[in-house]
2 protein chains.
Amino acid sequence: MPAETTRRRGAALEADLLDAAWAELKAVGYTRLTMEGVAARARTGKQVLYRRWPNRAELVVAALRHRQGGSITDQVPDTGSLREDVLAVLRLMAERQRDIGQDVVHGVLAEIGPMRAQVFEIMRDVMATLLERAAARGEIPTADVPPRIMTLPTDLVRNEIVMRSEPLTEQTMSEIVDDIFLPLVTRRA
Amino acid sequence: MPAETTRRRGAALEADLLDAAWAELKAVGYTRLTMEGVAARARTGKQVLYRRWPNRAELVVAALRHRQGGSITDQVPDTGSLREDVLAVLRLMAERQRDIGQDVVHGVLAEIGPMRAQVFEIMRDVMATLLERAAARGEIPTADVPPRIMTLPTDLVRNEIVMRSEPLTEQTMSEIVDDIFLPLVTRRA
DNA sequence: CGATTTAGGAGACGTTCCGTCTCTTACTTC
DNA sequence: GAAGTAAGAGACGGAACGTCTCCTAAATCG
């Protein structure tokens, strides 16, 4: 029995490892994902994983990044309407939620520690861009909106993602935008 | 060496177990809390724990409840001002955050599953009470506020608790109430 | 008040997974 | 072609899991 004597290396191997981690994530969830499971699925040894990522959390984060491609920053929506722009951002978050799954969200949230604060800044920057464009179009009186209001829609959606089990509905997102966010940014002295 | 031959039982023992769990939580945090650690601290065996709670998560939730006493529902604030009432609720949440600690929040959040949705309902009911009283006083035009706006302050505070490492500041809470919540409930047709 | 039942205290057990380590060998590099 | 690097495989000690069994203190009941 002459086994496959092709031995994977470097980037090709790494991609396989991350794919295996993702598959394992989908198969058994975050809490029951083990390094041994991922290694077995990728048909390799644990050492190969530990050589690249120091622990489960880092491996999972890397797998998510690999799977999800780039950040939201890379493709900030620009539909010509503030309402649609914000909804597009929220839909992107909802999409990720659906793809990733509840327990992964919580598992990662628990273990990434200070990396969480970064999420705020990214979202603040994205929303700032949307608001500046809206102000330039004359849709809103000014883009000088307090940061807390800027991130209101994404904060609320994140709250839904973290707290609710069911996926976000289109209605929830429009309520957030139409009943809360837009009133606050349009009526401002 | 005649050891203490007093053997604890029933409610007294249970209280000791929950105290031990709480102490362990403060000492080593959620992720490193073990059933063996709690049992050792309470000077008893694991079986005594497993006889009462099926797993770590349930034990910790029980310990939190035992520690925290009642729910917010038991003492809904009534200061005569909507602003102060809401702030009082938010301060209570902040207090608990400080007492419990970040990793416990995430750990519990990850493991309590469907119990999370319950939190929403509790907060919605509390806020509904506050709004009704405010409407009766004539502070706001109507208590008929959409549920999403009702729970806005508590949702935002929860988002801060989950995402930020630092404890909530008084300023954050007033921003949420003064810049976001009150404008939305006072100016309504 | 003695017999019976219940449940606490203690720890052994098999299991799983951790993270480290060692060893052989395929591939890369020079 | 020789030397170096890292993949593949698995052994290892350790921690904690959840189950189980034993002994006995305390509660219950006749």
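Because the structure is a prediction, the values reported are computed rather than measured. Naming convention: chains lettered A, B, ... in sequence-line order (proteins, then strands); numbering from 1 in each chain.
Along DNA chain C, the stretch of nucleotides lying under 4.0 Å from any heavy atom of chain A spans, 5' to 3', C/dC17 to C/dC27. Taking the 5' to 3' direction, DNA chain D first and last meets chain A under 4.0 angstrom from a heavy atom at D/dT5 to D/dA9.
The stretch residues 37-46 of chain A participates, sequence neighbours left out, in these salt bridge (Lys or Arg N to Asp or Glu O under 4.0 Å) pairs: A/Glu24-A/Arg41, A/Glu36-A/Lys46. Here side-chain hydrogen bond (donor to acceptor under 3.5 Å, both in side chains) pairs that include residues 88-98 of chain B, with residues two or more places apart or in two chains, are B/Gln68-B/Arg96, B/Arg91-B/Glu170. Contacts classified as salt bridge (Lys or Arg N to Asp or Glu O under 4.0 Å) and involving residues 109-130 of chain A (residues at least two apart or in different chains) are given here: A/Arg56-A/Glu111.
For A/Arg164, the salt bridge (charged side-chain N to carboxylate O under 4.0 Å, His left out) criterion is met by A/Glu160, not counting sequence neighbours. By the salt bridge (charged side-chain N to carboxylate O under 4.0 Å, His left out) test, A/Asp103 is found to be paired with no residue, residues two or more places apart in sequence or in another chain being considered. Partners of A/Ala88 according to the side-chain contact (heavy atoms from CB on, under 4.5 Å) rule, which considers only residues two or more places apart in sequence or in another chain, are A/Pro77. Shown here are the side-chain contact (heavy atoms from CB on, under 4.5 Å) partners of B/Ala135, two or more places apart in sequence or in another chain: B/Ile140, B/Ala143.
Neither side chain, A/Ser81 nor A/Thr79, offers a donor N or O lying under 3.5 Å from an acceptor on the other. A donor-acceptor contact closer than 3.5 angstrom links the side chains of B/Thr151 and B/Asp155.
Within residues 49-60 of chain B, the residues that place at least one heavy atom under 4.0 Å from DNA chain C are, in residue-number order, B/Arg51, B/Arg52. Within residues 29-37 of chain A, the residues that have a heavy atom under 4.0 Å from DNA chain C are, in order of number, A/Thr34, A/Met35, A/Glu36. Contacts with DNA chain D (heavy atom under 4.0 Å) in residues 13-23 of chain B: none are found.
Residues B/Asp19 and B/Arg67 are not paired through a salt bridge, judged by the lack of any N-O separation under 4.0 Å between the basic side chain and the carboxylate.
B/Ala62 approaches B/Trp53 most closely through the heavy-atom pair CB-NE1, 3.4 Å.
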